[in-house]
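One structure below.
Keep in mind that the numbers below use all heavy atoms, side chains included, and drop hydrogens, waters and symmetry copies. Note that the structure is predicted; figures quoted are calculated from it, not measured. Just so it is clear: chains get the letters A, B, ... in the order the sequence lines come, proteins before strands, and each one is counted from 1.
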Amino acid sequence: MIENLVIVESPAKARTIEKFLGKDFRVISSFGHIRDLAKKNLGIDIEKDFEPVYEIPGEKTKIVTELRKAASGARNIWLASDEDREGEAIAWHIAGVLGLDLATTKRIVFHEITRDAIATAIGNPRTIDMNLVNSQQARRILDRLVGFEISPVLWKKVQPALSAGRVQSVAVRLVAEREREIISFKPESAYRVTSVFRTGETDNSGDVIRAEASKRFPAAEEAEKFLELCSSAQYNVENVIVKPGTRSPAPPFTTSTLQQEAYRKLGFSVAQTMTVAQKLYEAGKITYMRTDSTNLSKLALATLRETIISEYGQEYSKTRQYATRTKGAQEAHEAIRPAYPANPSIQGSQNEKKLYDLIWKRTIASQMADALVEKTTITVGMDNSPVKFTATGEVVKFHGFLKVYAESSDQENGDEEKNLLPPVKKDMPLYYNVVSAVQKFTMPLPRYNEASLVKKLEELGIGRPSTYAPTISTIQNRGYVLKEDRPGEKRQISVYTLEKGKISHSVKNEISGKEKSKLFPQDIGMIVNDFLVENFPEIVDYNFTADIERQFDEIALGKLKWTGMLKKFYAPFHKTVESTLEKKHRKAAVRFLGNHPETGEPVTVRMGRFGPVAQIGSSEDGNKPRYASLTHDQLIETISLEEALRLFTLPRTLGSFENEEVVVGKGKFGPYIRHKGKFYSVKKGVDDPYSLTMERAIQIINEKNEAEKKKVVREFGDILLLNGRYGLYLSKDKKNYRIPKGTDTDNLTREECEAIIERSEKKKK
DNA sequence: CAGTGAGCGAGCTTCCGCTTGACTT
């Protein structure tokens, strides 16, 4: 019989806490929730006042058995799940499953994982807060109602296997609406004039100052006229303003800000960031990685202070506590920080090292002094125009936190040059070296990447740290959005240059709209979003979550009854579901692009059984229509007739190589080259199947065959030992077999290979 | 592994929020 059993959510936390508690305590974990609404059907008895039907999911039966066993052998049970709505519900479910008395079961919470905090928690047990539990039940049931009532409407009205939900549907909406803004965006251009001045009277003498004109010129003629004025103007320094300023560090990481910075600085996807962070957490290198709090424990603050003072000196230290501003933050955990701030680096994989380094620097910087800067603005006037030129420069007088870490920005090309300015005095004459007027186009708002979409969701209070990464995956898995790179388009820009009294004109090429790892909506995402916005506007409203969160808070405070809240929500919601189902099935919208230039047949695009499709001709004309799938970077609403017609040019024969036809086409797995019955993938973003040449095709064929030869480590007749993504494996008759751990692959014989294959085949059966 | 686009019908799909492995041929 053990004296005390403490149940927490995470096994890593259990290990840490057990160390602090001593031998009278055993600490085990529930691995999160152990009970949930029934998987089959709705799992809610609406008639009985929304009575939930709970069950233990299959994958949780093992842990529940262990919990029961541990509980039966313990004198006292302490439920120590996290201090938030979900944690309270977890404690309640555990109590229910273990048959504990709610009136006496001890509920404790840790605000941070330190010896003091744990001792305080043990000394101040309370009972389970049923108001908080009920607010969780309301949240859970509402999400189930929304998801399980709207999704079937989509199956009937749009397409099978689609999904809708309070969180994912808003995520899709954000991406879809941003795309429409970009589609309708009309770029405008204006000429930005910059000048390189010198302080010396003769050519190339004195110091140099780069400055920008206060005015932009919409038309080329105006820009040219201004350059003429510049040519004959007398310049002088009208004003020099020196202003001191400060810059402050960013707060320590939460899940969302970690995902953003890991994306910007390391190029990690949000899922990758979480996987690496999980590893660091399990190894005891960082604190918990699913958090919405910027809070640091007192102990951490003290250690950080010591580390900073010893590494950088007293003047670099400034202890700060950051307030969390995020909507709906529950702050059950600390910010994400190094477990031991004195360690600036760790052992581990490359990615673990990089992410740890980021977390360490951000945390350290958050406790450092402000940077002191001096911003200088020089205004240059001209005697023949009211236009002024300004030059700004910034000098860092004291680095403070900048010595360790500076946050990146989402803006890719908005960074202004911050250069050092030479000492100049008011009324000093200046002379130009070169003045240039460069055509600048306005840009639409940028598309979302995974991390910036998470940031936006967090701002709207939608989703939780534990669901950001899964939500981003869901909307991609459903095919609503696609993450990819796009090359952008060439654009010509006009440049006028004034040098030594002469104005010259040139045209430069610029790439505009280049995208890297951005989220692009797909047709099905656009269609589902339009359907939801039309039929369920209140559910996909950006403020829906915030509104119901306020009600959940009231339930948690005991001011609102949870069943009443659900009733009030469900009555009109369910009515909308029913009326939407009764509405006439809206036929998939067909967009007419024009007539075929040669045959005159109609060319249309629409959503087909297998996705968006272009069609030449109509079955009503008696002829069999021709079909071609749209590519993932084309949308039904924007594709042009020319683009649609081009889809029908594949497959095409390039010619003959080694006496066999070389055909380029597009298949289930993207564009391919076929030769001698073998398929060769055409790499996305490198080659374009529509313009691929015979020469390049042969190159691809040869390269692939070469690479395949290298894959073969050894041959045993028809059995091959190959080197693959996960290491060595065996291949026979186009089937692959894993090699058991501990096999001596250097001295493998044919007999051993046969045995491995035989055993593997038997296992399958 | 390498595109489909006729039609019918049975059976299935789906939410959000807590947690980690198991496993890759």
Side-chain angles (χ1 to χ4, degrees), chain A residues 8-14 29-37 39-44 59-60 63 81-82 84-91 93 136 139-156 159-169 275 278-279 281-282 288 290 330 332 462-468 470-471 474 478 545 606-615 619 624-629 650-651 663 665-674 677-682 722 724-732 734-739 760:
Chain A
V8 297
E9 291 181 39
S10 148
K13 195 171 174 180
S29 91
S30 73
F31 292 79
H33 275 292
I34 56 161
R35 217 163 56 165
D36 191 17
L37 294 176
K39 265 206 183 75
K40 286 261 158 100
N41 306 322
L42 200 55
I44 303 159
E59 68 270 19
K60 291 289 183 179
I63 182 68
S81 44
D82 296 343
D84 57 18
R85 197 162 67 198
E86 296 297 326
E88 204 68 15
I90 287 172
H93 280 298
Q136 192 274 347
R139 198 281 304 155
R140 179 68 190 92
I141 290 169
L142 184 137
D143 280 336
R144 173 58 72 87
L145 290 170
V146 169
F148 275 37
E149 292 216 358
I150 299 184
S151 297
V153 177
L154 292 177
W155 305 341
K156 290 198 184 82
Q159 203 180 90
L162 296 172
S163 66
R166 175 176 59 82
V167 175
Q168 60 167 283
S169 296
T275 308
Q278 176 86 30
K279 281 262 156 50
Y281 169 66
E282 283 170 15
Y288 196 58
R290 290 184 277 263
Q330 313 217 349
I462 299 173
R464 303 278 312 131
S466 68
T467 59
Y468 293 139
T471 300
T474 299
R478 296 271 174 277
T545 292
R606 65 183 163 85
M607 186 51 93
R609 279 202 294 157
F610 313 109
V613 65
Q615 179 176 342
S619 46
K624 205 174 174 223
R626 283 185 288 151
Y627 301 95
S629 289
L650 292 182
V663 177
K666 216 181 307 170
K668 201 172 171 182
F669 311 105
Y672 63 85
I673 296 162
R674 197 179 64 226
K678 267 180 86 174
F679 289 89
Y680 304 84
S681 291
V682 173
L722 302 173
R725 249 198 312 166
Y726 311 107
L728 296 174
Y729 66 99
L730 294 174
S731 172
K732 187 191 177 193
K734 288 192 174 175
K735 274 199 264 182
N736 298 324
Y737 303 91
R738 215 151 53 105
I739 296 172
S760 163

What integer distance in Å separates R626(A):CZ from dT4(B):P?
-> 13 Å
Looking at residues at least two apart in the chain, or sitting in another chain, which of them share a ring-ring contact (aromatic ring centres under 6.0 Å, His included) with F610(A)?
-> none
Looking for any heavy atom pair under 4.0 Å, which part of the strands does S681(A) touch: base, sugar-phosphate only, or nothing?
-> base
Who pairs with R290(A) by salt bridge (charged side-chain N to carboxylate O under 4.0 Å, His left out), at least two apart in sequence or on another chain?
-> none
Nucleic acid footprint by protein, nucleotides 14-22 of chain B - heavy-atom cut-off 4.0 Å, B for base, S for sugar-phosphate alone = BBBBBBS--
Contacts of type side-chain hydrogen bond (donor to acceptor under 3.5 Å, both in side chains), residue E149(A), not counting sequence neighbours | Y570(A), H574(A)
How would you label the contact of G665(A) with the nucleic acid (heavy atoms, under 4.0 Å): base, sugar-phosphate, or nothing?
-> nothing
Roughly how many Å is it from OH in Y627(A) to P in dG5(B), rounded to a whole number?
-> 8 Å
What pairs with T471(A) under side-chain hydrogen bond (donor to acceptor under 3.5 Å, both in side chains), at least two apart in sequence or on another chain?
-> none
For S10(A), enumerate each residue passing the side-chain hydrogen bond (donor to acceptor under 3.5 Å, both in side chains) test, keeping only those at least two apart in sequence or located in another chain.
-> Y281(A)
Would you name the heavy atoms of S151(A) and L162(A) that are closest together and state the gap between them?
-> CB-O, 4.0 Å
Who pairs with R139(A) by salt bridge (charged side-chain N to carboxylate O under 4.0 Å, His left out), at least two apart in sequence or on another chain?
-> E86(A), D143(A)
With K13(A), which residues qualify under salt bridge (charged side-chain N to carboxylate O under 4.0 Å, His left out), at least two apart?
-> D82(A)
Residues two or more places apart in sequence or in another chain: which of them pass side-chain hydrogen bond (donor to acceptor under 3.5 Å, both in side chains) with E282(A)?
-> Q278(A)
Sorted by chain and residue number, the ring-ring contact (aromatic ring centres under 6.0 Å, His included) partners of F148(A) (sequence neighbours excluded) come out as none
Any Q136(A) side-chain heavy atom under 4.5 Å of H33(A) side chain | yes
Writing each nucleotide of DNA chain B 5' to 3' as (, ), [, ], | or . by Watson-Crick or G-U pairing under 3.5 Å yields .........................
Touch check for S30(A), heavy atoms < 4.0 angstrom, all strands: base, sugar-phosphate only, or nothing?
-> nothing
Expected rows: protein N/O vs nucleotides 7-10 of chain B N/O, under 3.5 Å:
none

